[in-house]
Amino acid sequence: MTRWMDEEAGPVVRPYALIGGRTRSSGDTLDLVAMVTATGTAPSGGFVPGPEQERILSLVVEATSVADVASELDLPLGVVRVLLGDLQDHRLISIGRASASERILKEVINGLRAL
């Protein structure tokens with residue numbers, strides 16, 4: 001019997017299972033350098049953050065970039081954007097613009113492209 005998911009597929013399949021196969025959320029427009037900060041608000045409306053979202057909330061007690069959140073979680077950016085979008089929809093995080101100069105932003109983008 002052939003398994004549909006093997007050792008190699010596990011890490012690829014699991015992140016998208018975390019978000020129920022969704023590829024879009026309100027977090028889709030989040031820029032890599034956007035700063036994410038926990039609001040300290042308790043979840044409401046029956047929303048229960050998953051383990052990854054709890055980890056995000058602990059990471060963003062102080063303002064942290066979207067890129068840094070994705071790096072810390074070791075998850076694809078698309079998955080992190082969906083998780084962040086859910087947290088933003090429930091007012092558990094706020095998103096702000098980075099306070100960096102245009103030159104620094106260009107250097108970050110060029111560095112990411114070099115990867």
Side-chain angles (χ1 to χ4, degrees):
M1 180 175 169
T2 304
R3 292 175 45 197
W4 67 274
M5 187 174 92
D6 59 18
E7 287 284 324
E8 293 176 24
V12 175
V13 173
R14 184 179 174 274
Y16 292 97
L18 290 173
I19 55 175
R22 294 178 295 147
T23 58
R24 299 232 181 256
S25 80
S26 62
D28 286 341
T29 59
L30 295 178
D31 194 356
L32 283 173
V33 294
M35 300 304 286
V36 182
T37 309
T39 61
T41 305
S44 61
F47 177 71
V48 178
E52 288 76 13
Q53 289 169 320
E54 289 287 350
R55 176 104 192 276
I56 290 170
L57 292 171
S58 70
L59 288 171
V60 300
V61 171
E62 293 184 20
T64 307
S65 72
V66 171
D68 287 336
V69 171
S71 175
E72 284 293 322
L73 291 176
D74 196 25
L75 289 172
L77 182 60
V79 172
V80 171
R81 283 182 170 152
V82 172
L83 294 171
L84 290 171
D86 291 346
L87 291 171
Q88 184 178 26
D89 291 346
H90 289 90
R91 297 187 175 108
L92 298 176
I93 60 170
S94 63
I95 309 291
R97 303 289 290 163
S99 59
S101 70
E102 184 176 335
R103 181 184 60 79
I104 292 172
L105 292 176
K106 285 181 181 179
E107 287 179 25
V108 169
I109 290 170
N110 290 335
L112 290 171
R113 286 183 181 149
L115 295 176

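We're numbering straight along the sequence, starting at 1. None of the values given here were measured: they were computed from a predicted structure.
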Determine the minimum heavy-atom distance between [X] and [Y], stating which atoms define it.
X     : Y     : value
Val69 : Thr64 : CG2-CG2, 4.0 Å
Ile95 : Ala34 : CG2-CB, 3.9 Å
Arg81 : Leu32 : NH2-N, 4.3 Å
Ser58 : Arg55 : OG-O, 2.8 Å

From [X] [atom1] over to [Y] [atom2], what is the distance, rounded to the nearest 0.5 angstrom?
X     : Y      : atom1 : atom2 : result
Asp86 : Ile56  : CG    : CD1   : 9.0 Å
Leu77 : Leu112 : CG    : CG    : 9.5 Å
Asp89 : Phe47  : CG    : CZ    : 8.5 Å
Thr39 : Leu57  : OG1   : CG    : 8.0 Å
Leu83 : Glu54  : CG    : CD    : 12.0 Å

List the steps, then state whether side-chain contact (heavy atoms from CB on, under 4.5 Å) holds for Leu59 with Leu73. CA-CA 9 Å; Leu59 288 171; Leu73 291 176; 4.3 Å; yes

Could you go through Val36 and Val66, starting from their C-alpha distance and side-chain angles, then the distance that decides it, and tell me whether this counts as side-chain contact (heavy atoms from CB on, under 4.5 Å)? CA-CA 7 Å; Val36 182; Val66 171; 3.8 Å; yes

Is there a side-chain contact between Pro43 and Val48 (heavy atoms, below 4.5 Å)? no

Check the hydrophobic clustering (I, L, V, M, F, W, Y; side-chain heavy atoms under 4.5 Å; chains of links allowed) and say if Met35 and Ile109 are grouped together. no

